[in-house]
Amino acid sequence: MLDFLGDLRRTHTCGALRASDAGQTAVLMGWVNRRRDFGNLVFIDVRDRTGITQIVCDKESNPALHAKAGELRNEYVIATVGKVKLREPNTINKNIPTGEVELIAEELRILNEAKQPPFLPSDTVLPNEELRLQYRYIDLRRDAMQRNIELRHKVAIAIRDYLSAQGFFEIETPFMTRSTPEGARDYLVPSRVQPGSFYALPQSPQLFKQILMISGFDRYFQIVRCFRDEDLRADRQPEFTQIDLEMSYPQPERVWEVVEGFLTAGFKAGGYEIKPPFPRMDYDEAIRLYGIDKPDLRLPAFTPVRDCFAPENLETLGVHPGLPVIAIRTPKVGELSRKERDEIKTMFHTKGGAKLFEDFKRLEKSFPDATAKVREKAGAAAADLIVLVTGSTQSGELKSPGVRKVSPQELAIYASAGLLRVALAQKYSGRHGCFQPGDFRFLWVTNFPMFEYDETEQRWNAAHHPFTSPHEQDMDKLESDPAAVRALAYDVVLNGTELGSGSIRIHRQDIQRKIFHALGLTEAEAKSRFGFFLEALEYGTPPHGGIALGLDRIVMILAGADSLREVIPFPKTARAVDLMVDAPTPVSEAQLKELGIQVSKN
RNA sequence: GGGGACGUAGUUCAGUUGGUUAGAACGCUGCCCUGUCACGGCAGAGGCCGCGGGUUCGAGUCCCGUCGUCCCCGCCA
């Protein structure tokens with residue numbers, strides 16, 4: 001038999017009571033976390049998001065209440081009125097903050113019962129993720145999830161407060177907007193009023209925030225949902241939250257100062273002190289040292305070791321004469337078995353003609369002098385794992401790197417090595433111990449190239465986006481040497497994760513036109529895609545720039561989680577499915593007809 | 001689009017070279033227990049071995065397909 005709440009009013013949360021409250025009457029409400037039944041004496045742990053308090057039901061002093069306590073099962077929702085009592089010294093529970101007291105129940109109301117859940121919030125081993133997502137409301141009751149969501153809240157509030165104090169306005173922008181063919185795939189929303197036409201959910205509020213600068217808002221921010229219909233990863237969800245901001249009259253450094261400021265505030269809210277300014281690194285340097293544009297600084301950089309080998313050694317090994325030889329050092333890995341060495345091969349995703357030497361021991365037998373030099377140059381201790389990555393003699397004729405410092409074949413080697421470096425670091429994290437909680441290595445990666453060449457489409461693409469400003473000194477190379485043009489674009493990176501990306505934008509119509517031209521867009525094409533924006537640029541646009549950071553990723557790292565799903569209340573699976581509500585689903589013929597949509601069947 | 005891992009009681013897992021009736025722990029149900037807090041004790045219920053084919057005298061185990069979850073590559077201006 002269930003009871004009504006009536007006018008019973010909660011006086012304390014389940015984590016609140018302390019020794020100093022002894023003697024008070026308290027009213028607690030929450031879930032039955034566990035029941036320990038001794039026959040004539042029953043203990044009930046009642047739980048809410050703040051903690052757990054022990055309720056005592058004694059048959060001798062209150063037989064009716066004791067009988068009712070016997071009906072309780074896990075996850076029933078109850079209310080209890082009782083006296084807060086100091087526990088006997090030998091019965092104090094030091095494991096919980098409320099462990100010095102207990103509530104002697106005088107009244108017990110069963111507010112709701114619960115079916116036996118597929119798993120319990122108090123379980124120590126996690127069920128598989130499919131089940132957690134299907135029964136997300138139970139999963140979210142778990143202490144760890146409650147903490148993550150609370151952390152997320154605190155970080156977001158701290159960042160809001162900081163930006164507001166710095167004069168940024170939080171301004172909302174539309175979710176139903178216009179599809180722009182560049183970039184990620186759009187999620188589309190059909191229009192009923194205009195059959196055959198579609199809105200798109202924003203991949204980011206990019207053009208709106210630039211228009212807000214044109215509108216004179218000077219400093220804008222928004223903690224905003226973005227949508228991208230691309231394949232998922234542990235750190236990628238189809239809808240995710242960005243801390244988006246834009247400001248007028250900035251140099252890149254002005255944007256960086258703001259980001260360093262709000263990250264300091266956000267991390268402080270998460271319980272960590274970080275010290276800006278963050279180090280800075282050129283994109284080209286990041287590629288040469290780490291093989292990736294989001295270096296994890298917690299582990300050693302590459303060591304170039306071509307000069308350690310005699311030319312005839314390299315020839316014997318089938319190493320290309322013009323390409324770098326780089327050593328990847330992973331600390332303290334120790335002896336590897338034959339099987340473990342073979343696994344390195346499968347971890348190596350070769351790009352272009354990149355070539356791997358995973359068995360350094362064997363190289364040491366054949367080339368003792370050269371390998372000793374490699375060890376020395378890489379600063380390797382005896383237990384450190386060394387693998388070499390280079391270009392094979394089949395890499396073909398070297399393409400000129402042009403003005404850029406890294407040729408395509410070199411890039412292939414660096415990129416392959418960069419992925420292997422990260423994979424090795426993850427696999428042997430238990431051995432090298434370089435991934436410590438609370439160790440936050442921030443980095444600004446700067447001076448990205450303006451354009452990337454798309455081999456399949458035989459044209460230049462914007463590396464960041466087409467509204468990114470080139471370096472003032474590189475304007476003259478837009479036509480003559482697009483590859484050499486540096487963008488005023490920057491990424492903020494934390495422990496090998498890209499937290500955010502931004503740039504100084506183009507504010508001049510003449511330069512914007514040049515960029516579109518370099519991207520192979522005709523005047524007419526540019527006008528049809530971005531006409532409203534190009535027109536806005538003509539009415540007095542101030543210089544402006546900004547950035548957007550992934551809130552989910554920030555909280556994930558702060559929480560020490562390996563997946564965004566741990567910090568998003570209702571996330572989607574790798575196939576972009578919500579297992580709790582079972583979305584997406586087909587819709588009725590009537591709905592489709594109203595929207596003027598036909599679904600092709602095949 | 002490609003590669004890899006996994007799928008066995010409600011849950012987490014074990015299950016040998018294919019061989020009797022598929023096990024354990026936790027949870028669940030009942031009984032006992034007045035100081036536990038991952039309580040304890042006794043008894044019990046609970047299985048489409050993801051699904052569909054195939055090989056075999058015989059399949060949880062081998063093969064093919066399929067579905068689902070996870071990780072990675074491509075993709076993510």
Side-chain angles (χ1 to χ4, degrees), chain A residues 33-47 52-61 66 70 73-75 85 87-96 98-99 102 104 115-120 122-135 138 180-186 203-204 206-207 226-238 240 343 346-351 415-416 419-420 422-423 426-427 448 450-452 454 456 460-468 487 489 498 501 503 515 519 529-530 550 562-563 565 572-575 577 579:
Chain A
N33 194 56
R34 215 177 276 277
R35 187 178 55 119
R36 288 176 296 280
D37 189 342
F38 286 78
N40 290 327
L41 179 69
V42 176
F43 297 103
I44 297 150
D45 289 342
V46 61
R47 181 199 74 234
I52 289 176
T53 302
Q54 173 164 283
I55 312 289
V56 183
C57 305
D58 186 344
K59 189 172 189 180
E60 207 170 294
S61 56
H66 172 268
R73 297 292 181 272
N74 288 323
E75 299 308 301
K85 187 192 144 222
R87 294 200 199 185
E88 299 296 324
N90 59 323
T91 64
I92 287 174
N93 184 353
K94 283 170 295 206
N95 299 321
I96 56 173
T98 63
E102 58 197 3
I104 309 300
K115 290 210 296 187
Q116 188 201 334
F119 57 93
L120 292 172
S122 56
D123 282 345
T124 43
V125 273
L126 279 180
N128 78 45
E129 204 166 355
E130 205 173 338
L131 206 67
R132 290 178 57 199
L133 291 176
Q134 192 183 340
Y135 295 93
I138 295 169
T180 51
E182 301 250 351
R185 283 182 268 263
D186 286 322
Q203 298 168 24
S204 79
Q206 183 60 36
L207 293 179
C226 302
F227 307 86
R228 293 179 191 171
D229 186 5
E230 295 295 341
D231 288 349
L232 283 70
R233 289 283 190 285
D235 62 354
R236 268 161 39 189
Q237 282 275 309
F240 59 100
E343 279 166 0
T346 65
M347 291 157 72
F348 185 69
H349 298 279
T350 181
K351 310 203 172 211
S416 304
L419 289 174
L420 182 61
V422 170
Q426 272 163 7
K427 185 176 174 90
F448 277 75
M450 184 74 194
F451 303 105
E452 281 166 353
D454 185 330
T456 47
W460 291 97
N461 273 329
H464 186 57
H465 57 59
F467 315 106
T468 301
E498 181 200 312
S501 193
S503 62
I515 297 297
L519 290 171
R529 289 189 195 181
F530 309 112
D562 294 324
S563 157
R565 295 183 301 276
K572 293 181 176 56
T573 69
R575 280 175 61 257
V577 169
L579 291 175

In B/S/- notation (B base, S sugar-phosphate only, - none; protein heavy atoms under 4.0 Å), nucleotides 1-7 of chain B written 5' to 3' is B------
Go along nucleotides 32-42 of chain B 5' to 3' and tag each nucleotide: B for a protein heavy atom under 4.0 Å from its base, S when only backbone or sugar atoms are that close, - otherwise.
-BBBBBSB---
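Between A:L232 atom CG and B:C70 atom C1' the separation is 12 Å, expressed in whole Å. Counting to the nearest Å, the C1' atom of B:G27 and the CD1 atom of A:I138 are 13 Å from each other. A:R132 has its CZ atom 11 Å from the P atom of B:C70, to the nearest Å. Between the CG atom of A:D123 and the C1' atom of B:U12 there is a distance of 9 Å, given to the nearest Å. In this structure, A:L133 atom CG and B:U69 atom C1' are separated by 9 Å, rounded to whole Å. Put simply, CD on A:E129 is 16 Å from P on B:U11, counting in whole angstrom units. If you measure from atom CD of A:E75 to atom C1' of B:U11, you get 14 Å, rounded to the nearest angstrom. Rounded to whole Å, atom C1' of B:G27 lies 16 Å from atom CG of A:L126.
Nucleic acid contact class of A:I52 (heavy atoms, under 4.0 Å, all strands): none. Counting any heavy atom pair closer than 4.0 Å across all strands shown, A:L131 reaches sugar-phosphate atoms only and no base atom. Using a 4.0 Å heavy-atom criterion, one finds that A:P118 contacts the sugar-phosphate atoms exclusively. Among the protein residues, A:A423 comes within range of no part of the nucleic acid, since none of its heavy atoms lies under 4.0 Å from any strand.
For B:G74 and B:C57, the C1' atoms lie 49 Å apart once the distance is rounded to whole Å. B:C13 sits 15 Å from B:G47 when the C1' atoms are compared, rounded to a whole Å. Taking atom C1' in both B:G60 and B:C75, one finds a spacing of 38 Å when rounded to whole Å. Rounded to whole Å, the separation between the C1' atoms of B:G58 and B:C39 comes to 47 Å. Comparing B:A45 with B:U55, their P atoms are spaced 38 Å from each other, to the whole Å. Taking the C1' atom of each, B:G18 and B:C62 are spaced 8 Å apart, rounded to whole Å. Comparing the C1' positions of B:A43 and B:G52 gives an interatomic distance of 41 Å, to the nearest angstrom. The gap from the P atom of B:G10 to that of B:U29 amounts to 15 Å, rounded to the nearest Å.
Heavy-atom minimum distance, A:I52 versus A:N33: CD1-ND2, 3.4 Å. Closest non-hydrogen pair, A:F451 versus A:W460, comes out as CB-CE3, 3.4 Å.
Using Watson-Crick or G-U wobble geometry with both donor-acceptor distances under 3.5 Å, B:G65 finds its partner in B:C51. In this structure, B:A9 forms no base pair with any nucleotide, since neither Watson-Crick nor G-U wobble geometry is met with both distances under 3.5 Å. Pair assignment for B:C70: B:G4, on the basis of Watson-Crick or G-U wobble contacts that are both within less than 3.5 Å. Taking a pair to require two hydrogen-bonding distances under 3.5 Å in either a Watson-Crick or a G-U wobble arrangement, B:U17 remains unpaired. Pairing for B:G40 is with B:C32, a Watson-Crick or G-U wobble pair whose two hydrogen-bonding atom distances lie under 3.5 Å.
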Criterion side chain to side chain contact (heavy atoms under 4.5 Å, CB included) on A:L232 and A:Q237, from CA distance to verdict
CA-CA 6 Å; A:L232 283 70; A:Q237 282 275 309; 3.9 Å; yes
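Between A:D235 and A:Q203, the one whose closest nucleotide on RNA chain B sits nearer the 5' end is A:D235. Between A:R228 and A:Q116, the residue anchored closer to the 5' end of RNA chain B is A:Q116, taking for each the nucleotide with the nearest heavy atom.
Neither OP1 nor OP2 of B:C76 sits under 4.0 Å from any side-chain N or O of A:R185. Residue A:N128 places none of its side-chain N or O atoms closer than 4.0 Å to OP1 or OP2 of B:C70.
Of the possible polar contacts, one joining the A:R35 side chain to the A:G70 backbone as a donor-acceptor pair under 3.5 Å is found. Under a 3.5 Å cut-off, the side chain of A:E75 and the backbone N or O of A:L120 do not form any donor-acceptor pair. Checking side-chain atoms of A:D123 against main-chain N and O of A:V125 turns up no donor-acceptor pair under 3.5 Å. A:R228 places a side-chain N or O within donor-acceptor distance of the main-chain N or O of A:Q203, the cut-off being under 3.5 Å. With hydrogens and angles disregarded, a donor-acceptor distance shorter than 3.5 Å links the side chain of A:D37 to the backbone of A:G39.
For A:L579, taking side-chain heavy atoms from C-beta onward, the closest of the listed nucleotides B:C73, B:U69, B:C76 is B:U69. Distance from the side chain of A:E130 is smallest to B:G68 among B:C70, B:G68, B:C72.
For A:D45 and A:R36, the salt-bridge test passes: some basic side-chain N is under 4.0 Å from an acidic carboxylate O. The pair A:R236-A:E230 fails the salt-bridge criterion, with no side-chain N (NZ, NE, NH1 or NH2) lying under 4.0 Å from an Asp/Glu carboxylate O.
Around the CG atom of A:D562, the shell of radius 6.0 Å holds no more than 12 heavy atoms that belong to other residues, nucleotides or ligands.
In terms of polar N and O atoms assigned as donor or acceptor, the side chain of A:R236 comes within less than 3.5 Å of the base of B:C75 in a complementary pairing.
Interatomic distance, NE2 of A:H465 versus CD1 of A:I515, reported as 12.0 Å (0.5 Å rounding).
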